[in-house]
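Per chain, numbering begins at 1; letters A, B, ... match sequence-line order. The figures that follow rest on heavy atoms only: side chains count, while hydrogens, waters and symmetry mates do not.
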Protein chains: 2
Amino acid sequence: MPIKEADLERVRQLPFLKTANDDTFRRLIQGAFLQRFPAGTTLLTEGDSVDFLYILLDGTVELSGTWNDKETILALLGPLSTFILAAVVLDTSALMSATTRDRSDILMISGETLRRVMQEDAAFGFGVSQELAGCYRGLVRSMKSQKLRGGIERLANYLITQRIRQGDVETITLPHEKRVLASLLGMTPENLSRAFASLADYGVVVNGPLVTIGRPVVLKRLAKPDALIDNHTPEEMRGGGKARLEAWPNQPERMTV
Amino acid sequence: MPIKEADLERVRQLPFLKTANDDTFRRLIQGAFLQRFPAGTTLLTEGDSVDFLYILLDGTVELSGTWNDKETILALLGPLSTFILAAVVLDTSALMSATTRDRSDILMISGETLRRVMQEDAAFGFGVSQELAGCYRGLVRSMKSQKLRGGIERLANYLITQRIRQGDVETITLPHEKRVLASLLGMTPENLSRAFASLADYGVVVNGPLVTIGRPVVLKRLAKPDALIDNHTPEEMRGGGKARLEAWPNQPERMTV
DNA sequence: GGCCAGCCCTGACATAGATCAAGGATGGAA
DNA sequence: TTCCATCCTTGATCTATGTCAGGGCTGGCC
């Protein structure tokens, strides 16, 4: 699949690629290729060695981990996310599996090239560091949510975050199947159902993928959202113009819960 | 507290500082200072803005997070660890609190200087990226452990990891109070007690801070350790000489559970 | 030595969450 | 249209974990 000029321009806008100079960018793109995958494709299984940095241009990708026949979803990525950057930087094997959830267009950049240019373009290396730092902080947030909150509270905060990200609407649309959301939130589908049911007392009405938050204030009193856990608006949106709001990057650290 | 030549040499051996050229290192050290803190000192509270990169030369530091009057320990650091690197790179506020657990000697490096030299010394920038990538992967491991395993299994794997790190001895010494370990493992002290009690069936005998693993094979059958979750030997030790074994760095990603 | 605080263990109980089983809704394929 | 698979929900039950209370042990301190 040929890389269109428009794709390049979109990718170029990624924060960590904006720091790269033109030569660096050219070299990165040189050996890169764009591929379209159907839904349900396993791009990478945990333990695999990693040769490419992946950049999701369109679609949805799920990052998951397994142990002892159990599986959990660690993050759900939307367009303009990078993934497995950490494994690429360390030239080691992946700790998570990556699977497409919708049909997805993915740009693959040679890991070896990435490592090489990082060591020649300091500004770009700094950009990569910032990207990794953002991913790290996203995981810290997830970990705090996981260890400090109960299931209902995690769900309540997820809903509040979605409400803000979808533009302060009364009725939000769940972007994923409920069983997927359950795994992301660290509970069983049955329990997620019951959690939704308990939120009825707080003005939450569920209708398939549509969730109406009737009394946000009441829900917030339960959820107790916290700026040091919940990333209501991705960092690069803050202080930015409205243009960015249209299709902001859903990077790993910003989609995890 | 003056920075001794020996301290500098130790710090210089940190993987991410080994990549720095001499001039970069000099500039980093220039405005740095070394400070000794008693046990129980709060170095940083979550939400604080961060002006320095901290490097723990001696002692123990705990990284924790709170929500709704609950607290959880996210990592326990030993000598030659860096911490809050991610916040420094992004020049933003800390998501975790940092507290000394023992008397600790800590080297503090100007965050502004760090960010500046990263953008001038590409090799150093790459080293920082590697450090951050390692931290990220450590958290991924923790998250998988937290979401996929039950409390007893987390404890069993913790013990197996400690046994290997302490040199395959039969009796290991718990490096922290049990209530601290409980919080790190994501359970209450009462539950940790009971978890230890259940492990008696698997040959585990507890005597204060001493834990004897009588039948490692049996314990392993329960624990099912996994290279993609448990970091039995820190990455930089692998393939390295014995010299490194003496006092390996206990970096954030390697001490979390 | 005696006292006290902190840590740890244990038991009884409460709650959260997982599991099992069944049935309803939905939407695509034959 | 009918059939079937998938997803979701709900109820019953079981298990894991948290909470509360009590008591033992230890080590510092008067």
- Query: How long is the line joining CG of A:Asp69 and P of C:dT19, in whole Å?
  - Reply: 12 Å
- Just how far, in rounded Å, is P of C:dT19 from CG of A:Leu192? 15 Å
- Item | Phosphate contact (C:dA18 OP1 or OP2) by A:Thr188 side-chain N/O below 4.0 Å | yes
- Task: Remember a base hit wins even if backbone is also touched, and classify B:Glu190 as base, sugar-phosphate or nothing at under 4.0 Å, heavy atoms.
- Result: base
- Message: Rounding to an integer number of Å, can you tell me how far A:Arg179 CZ sits from D:dA5 C1'?
- Response: 12 Å
- Nearest to side-chain heavy atoms of B:Glu177, which nucleotide of C:dA18, C:dC8, D:dC8: C:dC8
- Task: Kindly say if A:Lys70 contacts the phosphate of C:dA18, meaning a side-chain N or O under 4.0 Å from OP1 or OP2.
- Result: no
- Task: Starting from P on C:dG17, measure out to CZ on A:Arg149 and report it in whole angstrom.
- Result: 13 Å
- Donor-acceptor pair (no angle test) under 3.5 Å: A:Arg194 side chain, C:dT19 base: yes
- Message: Students often get this wrong, so: under 4.0 angstrom with heavy atoms, is A:Gly151 touching a base, only sugar-phosphate, or nothing?
- Response: sugar-phosphate
- Message: Does B:Asp230 form a side-chain hydrogen bond (donor to acceptor under 3.5 Å, both in side chains) with B:Thr161? I'd like the steps, not just the answer.
- Response: CA-CA 7 Å; B:Asp230 309 289; B:Thr161 300; 4.6 Å; no
- Item | Residue-phosphate contact under 4.0 Å: A:Asn191 side-chain N/O, C:dA18 OP1/OP2 | yes
- Interatomic distance where CD belongs to A:Gln146 and P belongs to C:dG17 [whole Å]: 10 Å
